[in-house]
There are 2 protein chains.
Amino acid sequence: MTPKYDPEKCRQWIEGNIDIDFFRAICDPVRSELLIFLASSGELTIGEIAENFSQNRSVISRHLDYMNRFGAVKRRKVGREVFYQVDKQTIVTKFGTASENMKALLGQ
Amino acid sequence: MTPKYDPEKCRQWIEGNIDIDFFRAICDPVRSELLIFLASSGELTIGEIAENFSQNRSVISRHLDYMNRFGAVKRRKVGREVFYQVDKQTIVTKFGTASENMKALLGQ
DNA sequence: TCAATTAGTGCATTAGTGTGCATATATGCT
DNA sequence: AGCATATATGCACACTAATGCACTAATTGA
């Protein structure tokens, strides 16, 4: 006896309770390293960041842009340089609400 | 002036503070749906679960096995059937500690 | 033992993502 | 304007992951 439950409703629940895109942006080997690196380094330009990673600068640029789109980092352009820093507020909030919602859903 | 910070240390921090593999297992479109589906349906066999998804049963089987390896669901074999249910404890704990550690790291 | 049922596995195909190079764009400086 | 510097983008390639099909393994029941 299968409890007829709609996967569509699951998608909706997820959409409303966990920012999957944000977590996907975080849970990548390179991007998570970038995030922790920025968390401990403060605000840096793409060039400075890329110096500390093995990947090509263009690759780092793309990863940072990706994380910026989902709120994990903040971007600031000054002249021809682009600075990045972690978006503390957003990160803490996203983790916090996801955690709370999961707890509420699972009732523990 | 680049603050000489070692990406290796970042990897270590992540490894010790966030279970990236667990989150990667969760943050997949199909697997997150499976998880929420199970959360609201209780314990079901692979066949019953697969009936509610468009993917082939073998695909569902593999996704469940994947999540089981990282603690998101619990597996129980009875005869020729295999039952799955969410691992509430692990999920709540993983989200909770990740959230706490992030907050501690970012100091907010 | 044999057929039926349930789940797991091997394999080929497809889709998605990461990567680096070359080039384009934007900005600053002389 | 002309050149140097910093970043972004187009493109091709490599690698990983998801998927479905066919087949195998395990278990049940007649």
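Numbers restart at 1 for each chain; the letters A, B, ... are given by sequence-line order, proteins then strands.
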Which whole-number value in Å describes the distance from [X] [atom1] to [N] [atom2]?
| X | N | atom1 | atom2 | answer |
| --- | --- | --- | --- | --- |
| A:His63 | D:dT7 | NE2 | P | 16 Å |
| B:Ile60 | D:dA18 | CD1 | P | 12 Å |
| A:Asp21 | C:dG16 | CG | C1' | 15 Å |
| A:Glu48 | D:dT5 | CD | P | 16 Å |
| A:Asp28 | C:dG16 | CG | C1' | 13 Å |
| B:Arg76 | C:dA7 | CZ | C1' | 16 Å |
| A:Gln55 | C:dG20 | CD | P | 6 Å |
| A:Asn56 | D:dG10 | CG | C1' | 14 Å |

Can you confirm whether more than 12 heavy atoms, excluding those of A:Arg11, are under 6.0 Å from its CZ atom? yes
Look at atom CD of B:Glu15 and say whether more than 12 heavy atoms of other residues, nucleotides or ligands are closer to it than 6.0 Å. no
Tell me whether the centres of the aromatic rings in B:Phe95 and A:Phe95 are closer together than 6.0 Å. no
Note: for A:Glu81 and A:Asp65 on DNA chain D, the residue whose nearest nucleotide lies more 5' is A:Glu81
Can you say whether a donor on the side chain of B:Arg75 sits under 3.5 Å from an acceptor on the base of C:dG8, or the other way round? no
B:Val82 side chain: which of C:dA7, C:dT17, D:dA18 is closest? C:dA7
Roughly how far, to the nearest 0.5 Å, is the OG atom of A:Ser32 from the CD1 atom of A:Ile26? 8.0 Å
Map A:Val78 and A:Val30 onto DNA chain C by nearest heavy atom, then report which one ends up closer to the 5' terminus. A:Val30
